[in-house]
Amino acid sequence: DAGVIQSPRHEVTEMGQEVTLRCKPISGHDYLFWYRQTMMRGLELLIYFNNNVPIDDSGMPEDRFSAKMPNASFSTLKIQPSEPRDSAVYFCASTPEQGAKTQYFGPGTRLLVL
Amino acid sequence: DAKTTQPPSMDCAEGRAANLPCNHSTISGNEYVYWYRQIHSQGPQYIIHGLKNNETNEMASLIITEDRKSSTLILPHATLRDTAVYYCIVSGAGGTSYGKLTFGQGTILTVHP
């Protein structure tokens with residue numbers, strides 16, 4: 001199994017630009033999670049999906065952030081417009097188990113907003 | 001979810017057992033103890049979890065005290081590749097904490113040659 005796949009691995013953009021991060025969960029996993037990691041705030045859950053439906057988006061910082069899961073094998077996290085404070089590593093994770101905390105994380109996307 | 005307390009850093013000699021402690025004195029009856037680790041520049045990796053009984057898998061052992069207020073993750077023969085940040089997380093399996101992992105600051109384990 002290829003594991004959770006994220007793209008791009010690195011992204012450098014200028015303030016005000018739209019940024020789209022992509023994730024392909026492990027096949028057969030019904031739950032998909034988006035996390036953000038910064039030095040100041042550590043690792044934070046942004047949103048998660050079950051069977052392509054957003055279940056809890058309370059961690060999404062503001063309206064500039066949006067996430068979609070159009071099908072079981074693909075999810076996007078979009079930031080529009082981006083700001084320097086959005087610079088972070090964004091992780092996607094998936095799990096097949098209801099209520100499970102045994103999540104499988106992707107390698108992350110390192111975002112730098114100038 | 002119950003709060004956890006871990007030492008900020010620990011050292012271990014290669015080949016020795018690494019024992020990483022975690023205090024979770026406010027843990028409730030239906031909350032599990034989960035351990036993850038994060039190697040530099042990688043995503044977190046699930047290690048092991050338990051409720052009451054001690055658990056062992058190919059990666060590590062988890063020892064939970066009888067009162068469940070603390071636990072220890074044991075890496076029996078640490079290698080240089082085990083150098084990472086280790087997170088102890090206490091969380092219920094469902095309800096309002098469903099699906100949520102709350103990561104603290106963790107313990108930075110450094111394995112020396």
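The sequence lines fix the lettering, A, B, ..., with proteins before strands; numbering per chain opens at 1. Atoms considered below: every heavy atom in the structure, side chains included; atoms not considered: hydrogens, waters and symmetry mates. All values derive from a computational prediction rather than experimental measurement.
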Original post:
Between A:Tyr35 and B:Leu101, is a side-chain contact (heavy atoms from CB on, under 4.5 Å) present by the stated rule, with each step listed?
Top reply: CA-CA 10 Å; A:Tyr35 290 85; B:Leu101 285 172; 3.6 Å; yes

**OP:** Examine whether an atom of A:Glu44 lies under 4.5 Å from a heavy atom of chain B, and if so say whether it belongs to the side chain, the backbone or both; otherwise answer neither.
**Re:** neither

Original post:
Are A:Leu43 and A:Tyr48 grouped together when hydrophobic residues (ILVMFWY) are joined by side-chain heavy atoms under 4.5 angstrom apart?
Top reply: yes

Subject >> Shortest non-hydrogen contact from B:Tyr46 toward A:Gln103 >> reply: CB-O, 4.0 Å

Original post:
How many angstroms lie between CG in A:Leu45 and CZ in B:Phe103, if you round to the nearest 0.5 Å?
Top reply: 9.5 Å

**OP:** Establish whether A:Leu21 and A:Tyr31 are linked, either directly or via other cluster members, by ILVMFWY side-chain heavy-atom contacts under 4.5 Å.
**Re:** no

Original post:
Should B:Met10 and B:Ile47 be regarded as members of a common hydrophobic cluster, given that ILVMFWY residues are connected when their side-chain heavy atoms come within less than 4.5 Å of each other, either directly or indirectly?
Top reply: yes

Subject >> Top of B:Pro44, B:Gly43, B:Gly104, B:Gly106 for chain A proximity - count of heavy-atom pairs under 4.5 angstrom >> reply: B:Pro44

Original post:
Cluster question for you: counting only ILVMFWY and a side-chain heavy-atom cut-off of under 4.5 Å, with indirect links fine, are B:Tyr36 and B:Ile74 together?
Top reply: no

**OP:** Taking atom CD of A:Glu14 as the centre, report whether more than 12 heavy atoms of other residues, nucleotides or ligands fall under 6.0 Å from it.
**Re:** no

Original post:
If you take all heavy atoms of B:Tyr87 and A:Gln37, which pair is closest and at what distance?
Top reply: OH-NE2, 3.7 Å

**OP:** Could you look at A:Thr109 and say if it's the side chain, the backbone, both or neither that has a heavy atom under 4.5 Å from chain B?
**Re:** neither

Original post:
Do A:Trp34 and A:Val113 sit in the same hydrophobic cluster, where Ile, Leu, Val, Met, Phe, Trp and Tyr count as joined when their side-chain heavy atoms come under 4.5 Å apart?
Top reply: yes

Original post:
Do you know which two heavy atoms are closest between B:Gln42 and A:Phe91, and how far apart they sit?
Top reply: O-CZ, 3.7 Å

